[in-house]
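Report on the structure given below.
By convention in this document, chain letters (A, B, ...) are assigned in the order of the sequence lines, proteins followed by strands, and residues within each chain are numbered from 1.
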Protein chains: 2
Amino acid sequence: MGLGLGAIPERRYVRAVISEADTGVATSSWPKLSEVPRDVLLEVLIHGPLSRAEIAGRLRLSRPTLTRVAKALVQRGLLVEGDTRPRSSAGRPSEMLHVRGAAHRFLGVKLTPERLFAAVTDLTATPVAAAEEPLRSCAPEEVVAQIADVARRFPGVTGIGVTLGGVVLDGLVAWDEFLRWTDVPLKAAVTRATGVPTAVDNDVQALTAAQHWFGPGAGLRSLAVITVGAGVGTGLIVDGRLVAGSHGLPPHFSHTLVDAKGPQCGCGRRGCISSYLMTQVMLRRLAGRPTYEEALDRVRAGDREAGQVFAEAGYALGVLIGTVANVIDPQKVLLTGEGLPLYEVSSELVHDGIEDTYEDDPDLIDLDARPFDFTEWARSGAALAIKATITGAISERPQLDRRR
Amino acid sequence: MGLGLGAIPERRYVRAVISEADTGVATSSWPKLSEVPRDVLLEVLIHGPLSRAEIAGRLRLSRPTLTRVAKALVQRGLLVEGDTRPRSSAGRPSEMLHVRGAAHRFLGVKLTPERLFAAVTDLTATPVAAAEEPLRSCAPEEVVAQIADVARRFPGVTGIGVTLGGVVLDGLVAWDEFLRWTDVPLKAAVTRATGVPTAVDNDVQALTAAQHWFGPGAGLRSLAVITVGAGVGTGLIVDGRLVAGSHGLPPHFSHTLVDAKGPQCGCGRRGCISSYLMTQVMLRRLAGRPTYEEALDRVRAGDREAGQVFAEAGYALGVLIGTVANVIDPQKVLLTGEGLPLYEVSSELVHDGIEDTYEDDPDLIDLDARPFDFTEWARSGAALAIKATITGAISERPQLDRRR
DNA sequence: ACCCATAAGTTCCATTCGGAAACTAATACC
DNA sequence: GGTATTAGTTTCCGAATGGAACTTATGGGT
């Protein structure tokens, strides 16, 4: 319904065989999975191909259960049996289970005030298509219409994930400074306009979750993600779950003080971490207001002034890393973003900042810097859709979980 | 066993009725509970007396399930039916279920280099006895012996919780600066010496968990606990769970910079939050090195010098509160500790600090300041024992949880 | 006083789900 | 080719959960 499928011939003749899984829109409906099958799928999704025995061990399930559950997941087309991997010693070799990525497609959309970035991925969050276009307007209705247009170009997706730089609570964009939105029920609107289940979240939060499922932080119990771009952003995974503040904001560390005599910050004070790291502020301090790339070139060419600004930025980044590590003592700190060249040119100062801030042995911090393509933002939208689809957050209202 | 109960007459005649619950050591054995009964017990423990219907609603269980589970818990002596509470409108009144606190007792022990604090509580963490004595020695074996002596004075406890100011990982005291311990397997040692299942944890972590179950933060999804005493400590609850760093330390925010020209801090730098708040440092700045109480009197009497030191400390506390709130955006910030008079004498400056630091509306912060008796530390040890007993962490090895 | 609406708690029963035991399958090593 | 070893399967059973229908205890209306 809502899909204009009235004209499609009835398919009663299939129902008896394929039953529920195929009743709705052919390729794009997600089967309802109960808890254990969902956990099994997730385990394979996050930790790569695994044998039944391995999964049973990790999830503390019996092998018979795994036989049954795996069979069901294969029947639903979500898993496939891949190669068999011989044991190192004796014993029957394992049959590896893979996620059948092609089974579903997801659309991710990242909104900025100027442009819309889109990416289509398969179930394993591997990109299969991408698009980018100017945002026609910032008015909510028009943005929704534009997203629906994009969605029409990629039919058959199982879910849509939209991310933006604002405060998102339960699918409602409570506040977006850049788009100038207040209380926009984006999730409902896009779901209605496209007919496809949609999830909406803050971009940094979605990126963090994406890195935790599909990136270098896959499956870690604790993880800190720091994005360096036009500004800095932080996301935290604690106890295997994304930390969402009670008001929907991602954790922010960025106005922690580095040096009270530092540059003027947007927040009104001086010398916050973010005052050193915001691209705008950095460039403003340089003669002739170069672009970011020009500034980088100057640094690489040995320019003193630019070097100083980037060194200070690097130090501030180090302080940020150290502060985050002090607070949650994560298994890994992941550094991403378009501004990562900063780490490349002044990694030494970053480490100075860490050393001056972190209260334990800096070697304990597993720091991972990953270069970053801007389309990654859109991909993390798709990852958001995948996550919402699998956990069921996308269709049902989120379950109150009665965990400890 | 180990409790010297050999002389107590056998009670075969009861077994048929009370079955398992009474098979082992009479009053002090904890029945194994499966997940749902455990959740039900917890819900009543944390959220006060509740009716079956109410619990079923909260835990998303059916009413028949609640009938069954409640009956089992009543049989095991953990719950009792209390008063019936009439509906406001029509309908049969609810029968309230209470935790039968008297069913079990727990011993909490807090270790400091000079003294040992002990508290015995019932299952609801209500204190029933307390003791305090000098620590005979800091040597691990002697401390264990002393704890065993204390435990002998309070026979029949179901669990023991020991807390101290060090780094505790899985019952092993990896490092305690104050006691000068490294890698002391305290949990195993006390369990062996007393014959009672024992849990060990960092004191601030245990306090945080205690406040989250039995204090003003009961049952919140997110909570920050800030203790002000000889130093400052921080504990976090996120998503209903205690945040434990991957190396066992509680989160520390206390060396965040407030003012680079501030007092010298133990960490080598100047003007950290903790440099303003450590009692030692505060008193050192005052003429004649008064005691804490004397210093407080001076402030209340209007002494300029003391007022300044306490004002700065208050401001630093505000910065700490704001920083914590920025990071996890908790539902509540709970302020406790022996040093709480600070908040009383300079609450205005605390709020200034919050205002200058928190990036949203300070009114969103639900700040709760609770005066603090030192025996609270020991009580939180008992709460630790309760928590470990109920979650099963005390006997079995912690289950790998396969949650999302 | 009586009946009815309302909501709590219970009983009964069908169903689901996961683990134990015992099996088969596929390999390495001797 | 036999044996040890580990993966995966089948069969079966017990535990636990939720739906339907019931009983119980109240308030409110007539």
- Given that A:A90 and A:T65 both sit by DNA chain C, which one's nearest nucleotide is further toward the 5' end? A:T65
- Quickly work out the B:L61 CG to D:dG18 C1' distance and round it to whole Å. 10 Å
- Partners meeting salt bridge (charged side-chain N to carboxylate O under 4.0 Å, His left out) with B:R92 (sequence neighbours left out): B:E95
- Message: Counting the atoms with a prime plus P, OP1 and OP2 as sugar-phosphate, which does A:S94 contact under 4.0 Å by heavy atoms, base, sugar-phosphate, or nothing?
- Response: sugar-phosphate
- Taking B:D170 for the side chain and B:L172 for the main chain, is one N or O donor matched with an acceptor at less than 3.5 Å? no
- Query: Quick one: does A:E35's side chain get under 4.5 Å of A:D39's, heavy atoms only?
  - Reply: yes
- Give me the residues of residues 48-55 of chain A where at least one heavy atom lies under 4.0 Å from an atom of DNA chain D, by number, or none. A:S51, A:R52, A:A53
- Query: 5'-most contact on DNA chain D: B:R68 or A:T67, nearest heavy atom basis?
  - Reply: A:T67
- Side chain B:S222, main chain B:L220, donor-acceptor under 3.5 Å: no
- Answer whether the closest heavy-atom distance between the side chains of B:R241 and A:R241 falls below 4.5 Å. no
- Message: Nearest whole Å is fine: how far is C:dT16 P from A:E35 CD?
- Response: 17 Å
- Query: Rounded to whole angstroms, how far apart are CE on A:M96 and C1' on D:dG8?
  - Reply: 14 Å
- Task: Starting from P on D:dG8, measure out to CD on A:E81 and report it in whole angstrom.
- Result: 8 Å
- Task: Consider the side chain of B:V36, meaning its heavy atoms from C-beta on, and name the nucleotide among C:dG18, D:dT10, D:dT17 that approaches it most closely.
- Result: D:dT17
- Message: Without decimals, in angstroms, what is the distance between B:L66 CG and D:dG19 P?
- Response: 14 Å
Find every protein N or O atom lying less than 3.5 Å from an N or O atom of nucleotides 22-25 of chain C, and list the pairs.
{"unit_1": "C:dA25", "atom_1": "O4'", "unit_2": "A:R92", "atom_2": "NH1", "d": "3.3"}

- Message: Let's see if you can work this out: which of C:dT27, C:dC17, C:dG19 has an atom nearest to the side-chain heavy atoms of A:P93?
- Response: C:dT27
- Task: Send over the distance from B:K71 NZ to D:dA16 P, rounded to a whole Å.
- Result: 14 Å
- Item | Residues forming a side chain to side chain contact (heavy atoms under 4.5 Å, CB included) with A:D366, sequence neighbours excluded | A:K332
- Message: I'd like to check the side chain to side chain contact (heavy atoms under 4.5 Å, CB included) partners of A:A70; sequence neighbours left out, ordered by chain and number.
- Response: A:R52, A:L97
- Task: In whole angstrom, give the distance that lies between atom CG of A:D83 and atom C1' of D:dA7.
- Result: 15 Å
- Name the closest nucleotide to the B:S62 side chain, picking from D:dG8, D:dG18, C:dG19. D:dG18
- Note on the structure: The side chain to side chain contact (heavy atoms under 4.5 Å, CB included) partners of A:T389 (sequence neighbours excluded) come to A:W30, A:F106, A:T158, A:I394
- Message: So does B:K387 get a backbone contact from the side chain of B:T391, meaning a donor-acceptor N/O pair under 3.5 Å?
- Response: yes
- Task: Starting from C1' on D:dA15, measure out to NZ on B:K32 and report it in whole angstrom.
- Result: 17 Å
